[in-house]
2 protein chains.
Amino acid sequence: MIKLRDLEYLTAIDKHKHFGKAAQSCFVSQPTLSGQLMKLEEQLGLQLVERHRRNVMLTPAGEQLVKEARKVLQAAGQFESCAKALLDPFAGDLHLGLIPTLAPYLLPHIMADLNTALPNINFFLHENQTKVLLQQLDEGKLDVLILPYLEEMDKFESYQLFDEPLMLATQKNHRLANKKDLSLSDLHDEKILTLADGHCLKDQAMGYCFSAGAKEDNSFQATSLETLRHMVASGMGITLLPALAAQGNLASDTIHYGQFQAPVPVRGISLVIRPNYSRMQCVRAIVASVRKSLNGIIT
Amino acid sequence: MIKLRDLEYLTAIDKHKHFGKAAQSCFVSQPTLSGQLMKLEEQLGLQLVERHRRNVMLTPAGEQLVKEARKVLQAAGQFESCAKALLDPFAGDLHLGLIPTLAPYLLPHIMADLNTALPNINFFLHENQTKVLLQQLDEGKLDVLILPYLEEMDKFESYQLFDEPLMLATQKNHRLANKKDLSLSDLHDEKILTLADGHCLKDQAMGYCFSAGAKEDNSFQATSLETLRHMVASGMGITLLPALAAQGNLASDTIHYGQFQAPVPVRGISLVIRPNYSRMQCVRAIVASVRKSLNGIIT
DNA sequence: ACTTAATCATAGCTAAGGCCTATCCTTTAA
DNA sequence: TTAAAGGATAGGCCTTAGCTATGATTAAGT
């Protein structure tokens, strides 16, 4: 295998037409350059340089190969400058995965700050269900996930971002709408509207509800929180909504969002990455930025 | 300085996504590849690979640098294949310098054989006076000269090709035209037409003539042998012509070419190269070819 | 839950070779 | 004839790419 250093020596000889000066320009001794060049010639099986006392000149083969050598060295230079450009850990593309019950309500709160904190990062947003996101994270298609933490994610590395309370969404005139000291036990025997299978919110929320004695309304399942919200608004039932999803609609005149007393049902939102993920500095900056953005929004 | 081997390791990892297999494809042990890749990462200051048991993947930086690495390796490959193509010592361009009093008369005899013997050599022919040719040979603009050997060429390397006799060119009715046992001494007191200054033939031929007591016709000097020949044909004088120049016109009905008795005046035509010239095999082939071509033409 | 297999990292060693200094040899200039 | 210039040669140092053997961690199978 040819060595880049040898190509530098060759081009230096071409430039200076003098072994001593060429060696100097490469910061090596004259015998070193002389010897390496001879080795190169031997290796290639052709003479590259004609040696005379007064006059060092390249053979035709040498001339031709110098041109090739310069191309190689230029490519190598590009490699190195490319590496240098990549050195900034706070630059480049970053693919962020979120679940559908979180993305539209969280992103408005965090993206502005993220773009300020990491101006050279291009964020690509991916919305998918947990299972798909984890798969894609594992495959490297995604870099960072933000989603409710689950046990099955312990093979990844995760950073707790915030606990999102679940709120009770009812029509304003529902009996639970104005109840003081609302607690999960109040859901006993209530029928709860839920999202379609696959949404982790369903599993989590219904987990709380079931343990409180509530029942799932099996008549149909919504495919998005907005559908769910409209179903509540039109009096088809009640449901649990994550606080961020509720927040933007607090002023709704048909839906009431009830806050539970302690123990407040929450979903713990975490940032999840692969262990050994290469851009930890970036990750730490994201964690800090998101926590700061939500400070005051989520108590 | 980056090393090409490391770039190979990097691309191998990209290809196989597996250290062991990548190492195998590079014909090294797994620890070797592993270690070198880590060194490369350290050197660049950035992580190129995410290591997992199941799943080795490149970081975004790694992806980008693999592309650059491939470019470098491709250029290096071109360098090597270019070198391989140049390996054939009997291929490439060759710049051949000849003097004007030799080129038009010699080339028809040798070029066909040269092209047969060295079919992959492209001959470029340069016609100039000795001094210019030597200068250009020294500068590397020319590779090989064919010309009358002179003392001043001893700093170069030369190969005697043949001795070209000088013949006496006269009108057919000149008193020397039919003289038997023609010798140089017969030129005593004759006026000899000569070429312009700078042509080595003038110096050589006149050297013979002067020592024989002949005189130079200073009234004018020809710039080519053909001019000289026409001057002889029209009765303006006599001259010495090299045998090859005479040969093609032996049948001329106005000019008689007289052959001298021993000691025959000759000019010794040699092939001249720079010492250490890189394509000696080619040179030897040329020498052999030319000698063979002239065998029988020049006794 | 324990074991086995897979896979990458680590440790320690060897050998090659890149680089150095010192010197030699040849050519050119004074 | 000597001195200077310029490339080649000689011998030694020291880095490092490569090896084998082993460790550590994870995944999967019993």
Side-chain angles (χ1 to χ4, degrees), chain A residues 1-10 12-43 47-59 62 134-135 138-140 152-157 274-278, chain B residues 1-10 12-43 47-59 62 138 152-157 274-278:
Chain A
M1 161 89 358
I2 211 91
K3 263 167 282 177
L4 287 180
R5 204 76 227 274
D6 294 340
L7 302 187
E8 289 186 320
Y9 294 155
L10 179 58
I13 281 288
D14 177 52
K15 185 174 178 186
H16 295 97
K17 303 272 194 280
H18 185 285
F19 278 70
K21 285 173 193 152
Q24 225 172 354
S25 81
C26 294
F27 304 103
V28 295
S29 67
Q30 171 264 316
T32 294
L33 187 142
S34 202
Q36 291 308 109
L37 203 58
M38 280 192 289
K39 264 190 213 166
L40 179 64
E41 288 179 318
E42 191 178 356
Q43 184 179 346
Q47 190 176 342
L48 305 176
V49 179
E50 274 183 48
R51 289 131 169 105
H52 305 88
R53 306 289 147 184
R54 318 257 317 144
N55 206 6
V56 171
M57 66 176 63
L58 294 182
T59 64
L134 289 174
Q135 170 84 18
D138 196 52
E139 290 169 354
E152 62 190 272
M153 298 171 191
D154 57 2
K155 59 183 278 196
F156 295 101
E157 197 169 310
R274 289 183 296 277
N276 302 321
Y277 179 57
S278 59
Chain B
M1 160 91 353
I2 211 91
K3 263 167 284 177
L4 286 180
R5 204 78 228 272
D6 294 340
L7 302 187
E8 289 185 321
Y9 293 156
L10 180 58
I13 282 287
D14 176 52
K15 185 175 178 185
H16 296 97
K17 304 272 192 278
H18 184 287
F19 277 70
K21 286 175 191 147
Q24 225 172 354
S25 81
C26 293
F27 304 104
V28 295
S29 67
Q30 170 265 314
T32 295
L33 187 142
S34 203
Q36 291 306 111
L37 204 58
M38 281 192 289
K39 264 190 214 169
L40 179 64
E41 289 179 317
E42 192 178 354
Q43 184 179 345
Q47 190 176 340
L48 304 176
V49 179
E50 273 183 52
R51 289 130 169 109
H52 305 87
R53 304 293 146 182
R54 316 259 315 145
N55 205 6
V56 171
M57 65 177 63
L58 294 182
T59 64
D138 197 51
E152 63 192 273
M153 299 172 192
D154 57 3
K155 60 184 279 195
F156 295 101
E157 197 168 311
R274 289 183 296 276
N276 303 320
Y277 179 57
S278 58

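Chain A is the first sequence line, chain B the second, and so forth, proteins listed ahead of strands; every chain is numbered from 1.
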Would you give the length of the straight line joining atom CD1 of B:Ile2 to atom CG of B:Leu7, rounded to the nearest 0.5 angstrom?
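So the gap between those two atoms works out to 5.5 Å.
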
Hey, what do you get for CE (A:Met1) to CD (A:Gln43), rounding to the nearest 0.5 Å?
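If I round to the nearest 0.5 Å, the distance is 9.0 Å.
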
Distance in angstrom units between [X] [atom1] and [N] [atom2], rounded:
X	N	atom1	atom2	result
A:Gln30	C:dC19	CD	P	14 Å
A:Asp154	D:dA27	CG	P	10 Å
B:Gln24	C:dA6	CD	P	14 Å
A:Arg274	D:dT25	CZ	C1'	19 Å
B:Lys39	C:dA11	NZ	P	14 Å
A:Met57	D:dG6	CE	P	16 Å

Please determine whether a side-chain nitrogen or oxygen atom of [X] lies at a distance below 4.0 Å from atom OP1 or OP2 of [N].
X	N	result
A:Thr32	C:dC20	yes
B:His18	C:dC8	yes
B:Arg5	D:dG18	yes
B:Arg51	C:dT7	no
B:His52	C:dC8	no

Verify the neighbour count for atom CD of A:Glu157: are there more than 12 heavy atoms of other residues, nucleotides or ligands below 6.0 Å?
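Result for CD/A:Glu157: enclosed.
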
Which is more 5' along DNA chain C, the nucleotide nearest B:Lys21 or the one nearest B:Met38? Just name the residue.
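Counting from the 5' end, the first nearest nucleotide belongs to B:Lys21.
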
Could B:Glu42 and B:Lys39 be called an ion pair, given the rule that one side-chain N must be under 4.0 Å from one carboxylate O?
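A salt bridge is absent here (no side-chain N lies under 4.0 Å from a carboxylate O).
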
Of the nucleotides D:dG7, C:dA9, C:dG17, which one has an atom closest to the side chain of B:Pro31?
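Of the options given, the side chain of B:Pro31 lies nearest C:dA9.
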
Quick one: which of C:dT21, C:dG17, C:dC8 gets closest to the side chain of A:Ser29?
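Of C:dT21, C:dG17, C:dC8, C:dT21 is nearest to the side chain of A:Ser29.
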
Closer to the 5' end of DNA chain D via nearest nucleotide, is it B:Val28 or A:Lys17?
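On the 5' side of the pair lies A:Lys17.
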
